[in-house]
Amino acid sequence: TLAAQLGRCDQLPLGARVRLRGLVGAAEHNGDSGEIAAYDAAKQRYIVRLSSERSLAVRAANVLQLAAMRVRVGGADAEEWDDAEVVDYDEQTGALSLQRKGRDS
């Protein structure tokens, strides 16, 4: 089936770039970026390899996938598109914060 060819859709893929958030026991790592190294189904934890080469086992609620996308710049009728990446998510409002590639804000 097509679903089997594409892989699981309920887990982040290995190598996905993520940012840690909402950690309590290791709060010093909130905001750190890394990549998904593995998923431990028995513990329901992602193993995230941080840029410091340290790995942490964290719940899905504690990772934000830094997904790349194309966004229209200047409104619905604009012709200009730009590359962007998800950098934050507000759980209360459901709003994503995006950062255009090559820009600091």
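Fair warning: this is a prediction, and the values are worked out from it, not measured in the lab. Atom set for the values below is all heavy atoms of this structure, side chains included, hydrogens, waters and symmetry mates excluded.
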[X]: side-chain hydrogen bond (donor to acceptor under 3.5 Å, both in side chains) partners, not counting sequence neighbours:
X: Arg72; value: none
X: Gln65; value: none
X: Arg49; value: Glu35

Can you give me the closest heavy-atom contact between Thr93 and Asp90, atom names plus distance?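 Result for this residue pair: N-OD1, 3.2 Å.
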
For residues Val71 and Ala84, report the shortest heavy-atom separation together with the two atoms involved.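 Between these two residues, the closest heavy atoms are CG2-CB, 4.0 Å.
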
[X] side, atom [atom1]; [Y] side, atom [atom2] - distance, nearest 0.5 Å:
X: Arg17; Y: Leu12; atom1: CZ; atom2: CG; result: 13.0 Å
X: Glu28; Y: Leu20; atom1: CD; atom2: CG; result: 10.5 Å
X: Asp32; Y: Arg21; atom1: CG; atom2: CZ; result: 14.0 Å
X: Asn30; Y: Asn62; atom1: CG; atom2: CG; result: 7.5 Å
X: His29; Y: Leu50; atom1: NE2; atom2: CG; result: 6.0 Å

For Gln44, does the CD atom sit with more than 12 other heavy atoms under 6.0 Å from it, leaving out its own atoms?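 For Gln44, atom CD is not crowded (no more than 12 foreign heavy atoms under 6.0 Å).
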
Keeping the roles fixed (side chain from Tyr39, backbone from Leu14), state whether a donor-acceptor pair exists under 3.5 Å.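 Between the backbone of Leu14 and the side chain of Tyr39 there is no qualifying donor-acceptor contact (under 3.5 Å).
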
Given Arg19, which partner from the list Val87, Asp88, Val63 fulfils the side-chain contact (heavy atoms from CB on, under 4.5 Å) test?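 With Arg19 as partner, side-chain contact (heavy atoms from CB on, under 4.5 Å) holds for just one option, Val87.
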
Val18 and Ser33: CA distance, side-chain angles, deciding distance, side-chain contact (heavy atoms from CB on, under 4.5 Å) verdict: CA-CA 6 Å; Val18 296; Ser33 297; over 6 Å; no

Would you please test Gln11 and Tyr46 for side-chain contact (heavy atoms from CB on, under 4.5 Å) and show each step? CA-CA 9 Å; Gln11 291 179 12; Tyr46 285 103; 3.7 Å; yes

Applying the 4.5 Å side-chain criterion to the ILVMFWY set and letting contacts propagate, would Leu98 and Trp81 be lumped into a single cluster?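 Different clusters.
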
Are any non-hydrogen side-chain atoms of Ile47 and Ile36 less than 4.5 angstrom apart?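 Not touching, per the 4.5 Å side-chain cut-off.
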
Take Asp40 and Arg45 through the salt bridge (charged side-chain N to carboxylate O under 4.0 Å, His left out) test and state the conclusion after the steps. CA-CA 5 Å; Asp40 184 335; Arg45 299 285 190 271; over 6 Å; no

Taking Asp82 first and then Arg70, would you say they form a salt bridge - that is, a charged N and a carboxylate O separated by under 4.0 Å?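 Judged by the 4.0 Å cut-off on N to carboxylate O distance, Asp82 and Arg70 do not form a salt bridge.
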
